[in-house]
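Notes follow once the structure below has been shown.
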Number of protein chains: 2
Amino acid sequence: MEKTLIEIDKAAAVLKLLGDKTRLTMIGLLKDGECCVCEFVEVLQMSQPSISQHLRKLRDNGLVKERRSGQWIFYSLNRESDTFSIVESVLELIPEQMDKLKELENKGLRICCD
Amino acid sequence: MEKTLIEIDKAAAVLKLLGDKTRLTMIGLLKDGECCVCEFVEVLQMSQPSISQHLRKLRDNGLVKERRSGQWIFYSLNRESDTFSIVESVLELIPEQMDKLKELENKGLRICCD
DNA sequence: TGCATATATAAGAATATACTTATATACTAA
DNA sequence: TTAGTATATAAGTATATTCTTATATATGCA
């Protein structure tokens, strides 16, 4: 049950990534599954390049991983990351973001990724 | 045992504050007690104004509180903050910073705050 | 009162961050 | 092959961040 400690530099880097509302919401959206870029664009109401740039930071730091499926690239949490415990802890303390995906689904806007 | 959820904006703000090595180390140093500004200056090897500015950010966001005692101002974690659970979780995942204070004590540099 | 110490604040500079628009790349399907 | 869709990258800009140096404030003590 003992968690491995994360060195301070690495912890600070991850916390800095999570310390941005857009990226924190993204991580929240990934809590229960995958999302593709177009879904983030819809939910977060931001430009596609901006979303891609945030995802790149998360990926470069190993917080998320990607999986291509046809034209789409699906992102998911990288639970194998040695800093995942930070992400996990934070996810327990913030509200679920799932409802935003549900809304999207209700509007029929999630079809692009089926 | 159920923790109250922290809204995403507020969580992101706190995580941003913790996402800086200097401030994260400060929080780590406060885990087991108070520290005064001159101790932070010694341990972190940074200028006094820089330390004060970091402490101000932490204080403005309610993460730490201050207590004046003579010429010295002692900082401590604000365990009453509604975002303290984030700080608490992070503290469990990073190494103890106490040894740095011990070193200081060994060098006799902690006398200023007795 | 006057000086020393501890801390805070102000102003400015260098750098980092997060957008924007434009364009490149990868895949699908006609 | 060509057009269309999804995503990534590049370049530029506005703003935020974190230092620095100089100065202000608060306390203690002779």
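Each chain gets a letter, A, B and so on, in the order its sequence line appears, and its residues count up from 1. Note that these values count all heavy atoms, side chains included, but never hydrogens, waters or copies made by symmetry.
If you check D:dT9, C:dT9, C:dT7 against the side chain of B:Arg59, the one that comes closest is C:dT9. Set against C:dT5, C:dC19, C:dA22, the side chain of A:Pro49 has C:dA22 as its closest nucleotide. Closest to the B:Ser50 side chain, of the nucleotides C:dA6, D:dC19, C:dA8, is D:dC19. Checking C:dA8, C:dT21, C:dT5 against every side-chain atom of A:Ser47, the shortest atom distance belongs to C:dT21. For A:Gln48, taking side-chain heavy atoms from C-beta onward, the closest of the listed nucleotides D:dA8, C:dC19, C:dT9 is D:dA8. For B:Lys57, whose side chain is taken as the heavy atoms from C-beta onward, the closest listed nucleotide among D:dT18, D:dA8, C:dA10 is D:dT18. Counting only heavy atoms from C-beta on, B:Val37 has its side chain closest to C:dA8 among C:dA8, C:dA18, D:dT20. Listed candidates were C:dT20, C:dT7, C:dT28. Nearest to the side chain of A:Gln53 is C:dT20.
In terms of position along DNA chain D, the nucleotide closest to B:Asp20 lies nearer the 5' end than the nucleotide closest to the other residue of the pair B:Asp20 and B:Ser69. Between A:Lys16 and A:Glu66, the residue whose closest nucleotide on DNA chain D is further toward the 5' end is A:Glu66. Where A:Gly70 and A:Thr22 meet DNA chain C, the nucleotide closest to each residue was compared, and A:Thr22 sits on the side nearer the 5' end.
If you take CZ of B:Phe74 and P of D:dT27, they are 15 Å apart, rounded to a whole angstrom. Look at CG on B:Asp60: it is 13 Å from P on D:dT18, rounded to the nearest Å. Rounded to whole angstrom, the span from the CD1 atom of A:Ile73 across to the P atom of D:dT5 amounts to 18 Å. Note: CZ (A:Arg67) to P (D:dA6) measures 16 Å, nearest angstrom. C:dT7 atom C1' lies 15 Å from atom CD of B:Glu42, rounded to whole Å. The distance between atom CD1 of B:Ile51 and atom P of C:dT9, rounded to the nearest whole Å, is 15 Å. As a whole-Å value, the separation of A:Arg23 CZ from C:dA16 C1' is 12 Å. In this structure, B:Leu55 atom CG and C:dA6 atom P are separated by 16 Å, rounded to whole Å.
For A:Arg56 (side chain) and A:Leu58 (main-chain N/O), no donor-acceptor pair under 3.5 Å exists by modelled atom type. When atom types are taken as modelled, the side chain of B:Glu42 and the backbone of B:Glu39 share no donor-acceptor pair closer than 3.5 angstrom. In this structure a side-chain-to-backbone donor-acceptor pair under 3.5 Å is present from A:Ser47 to A:Ser50. No donor-acceptor distance shorter than 3.5 angstrom exists from the side chain of B:Asn61 to the backbone of B:Leu63, with no hydrogens or angles considered.
Geometric assessment of B:Arg67 against the ring of B:Phe74 yields a positive cation-pi assignment under the 6.0 Å and 45° thresholds.
Residue A:Tyr75 is in sugar-phosphate contact alone, with no base atom involved, counting any heavy-atom pair closer than 4.0 Å across all strands shown. Using a 4.0 Å heavy-atom distance criterion, A:Lys21 is classed as making no nucleic acid contact.
Put simply, the side chain of B:Gln71 and the base of C:dT5 share a donor and an acceptor less than 3.5 Å apart.
Distances shown here put every side-chain N or O of B:Arg56 at or beyond 4.0 Å from the OP1 or OP2 atom of C:dA8. Put simply, A:His54 has a side-chain N or O that comes within less than 4.0 Å of OP1 or OP2 on C:dC19. Applying the 4.0 Å criterion to OP1 and OP2 of C:dA6, one finds that B:Arg68 has every side-chain N and O outside that range.
Ion pairing of B:Lys57 with B:Asp20 is absent here, as no side-chain N (NZ or NE/NH1/NH2) approaches a carboxylate O to less than 4.0 Å.
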